[in-house]
Amino acid sequence: MSTIGARLAEVHARIAEAARSVGRGPDEVSLIAVSKAHSAGSAAAALAAGQRVFGENRVQEAVRKWPELRRLSPDAALHLIGPLQTNKAADAVALFDVIQTLDRDRLARALAREFARQGRRPELFVQVNTGEERQKAGVLPGAADAFIESCRDVYDLPVTGLMCIPPAAADPEPHFSLLAGIADRNGLPRLSMGMSADFEAAVRHGATEVRVGTAIFGRRPSV
Ligand SMILES: *Cc1c(COP(=O)(O)O)cnc(C)c1O
């Protein structure tokens, strides 16, 4: 087995164990392999090991890397997990299956326009800035309910979940439970939370997607 294949198996085992510890089924959690900044060859190795769901944080990088990988594995699913500029909305709607970083009205409007133009409706998650960090993307927790409602009612967007990136130095668990509460009261079934350092805690708090890069692909080459 390749190194990447072995690490994938280990991450899957850890997800299953964390899920079982709180009475959840392992198949309630989808592992997103975050291949950002890694080569197409690394992503291909994960595909060869059976991995089918991937995350990228930059539209342009994904546009360069993924069309060829998709030809090899037409059933691969791609999630956008990084900030989306409105001028890249067309490329993002064309390429991604899920866009996890919807966080402002202007972007909601741009996505609605592209959905109509392209006849494609990728699933959308609203990103919540649970730590209320000045430099971080995401809608503030106090504004989340109104924003989700406007995405649904004003723009008719297929919002199915929430995503958060807790502050780097903080205990992530209060952030995971805050996000779960917002999802619950808005009837959203999907929760994208947890990365290499904390995905087991996220699974215990109800994550349905964990975004794991380093634990699968190793350290990212500096860019
Ligand atoms: C890079 C990234 C990840 C993966 O981080 P690791 O610590 O390498 O697992 C997850 N989510 C987002 C939004 C990222 O940008």
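Read the numbers this way: they start at 1 and go in the same order the structure lists the ligands and their atoms. Keep in mind that what you see is a predicted model, and the values were worked out from it rather than measured. Residue numbers run from 1 in the order of the sequence given.
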Hey, which atoms in ligand 1 end up nearer than 4.0 Å to a heavy atom of [X]?
X    : answer
I165 : 13 (C)
T214 : 6 (P), 7 (O), 8 (O), 9 (O)
S196 : 6 (P), 7 (O), 8 (O), 9 (O)
V212 : 9 (O)

Any luck finding a side-chain donor-acceptor pair between [X] and [Y] under 3.5 Å?
X    : Y    : value
T160 : E123 : yes
S35  : E56  : yes
R204 : S21  : no

Describe, in one word, how the ring planes of H205 and F176 are oriented to each other, choosing from parallel (under 30°), tilted (30 to 60°) and perpendicular (over 60°).
-> tilted
So is R220 in contact with ligand 1, going by heavy-atom distances below 4.0 Å?
-> yes
Would you sort out whether R14 and E17 count as a salt bridge (Lys or Arg N to Asp or Glu O under 4.0 Å), showing the intermediate values?
-> CA-CA 5 Å; R14 289 170 57 190; E17 178 58 34; over 6 Å; no
Identify the closest protein heavy atom to [atom]: which residue and atom is it, and at what distance?
atom                    : value
atom 12 (C) of ligand 1 : I81 CD1, 3.5 Å
atom 5 (O) of ligand 1  : M195 CE, 3.6 Å
atom 2 (C) of ligand 1  : K36 NZ, 2.6 Å

Are the side chain of R52 and the backbone of S73 linked by a donor-acceptor contact shorter than 3.5 Å?
-> no
Does an N or O from A215, backbone or side chain, lie closer than 3.5 Å to an N or O of ligand 1?
-> no
Is the closest N or O pair between N57 and ligand 1 shorter than 3.5 Å?
-> no
Are the charged groups of E61 and R64 less than 4.0 angstrom apart, N to O?
-> no
Which option, Q127, R211, R58, H38, owns the non-hydrogen atom nearest atom 4 (C) of ligand 1?
-> R211
State, yes or no, whether a side-chain contact exists between F199 and V29 at a heavy-atom distance under 4.5 Å.
-> no
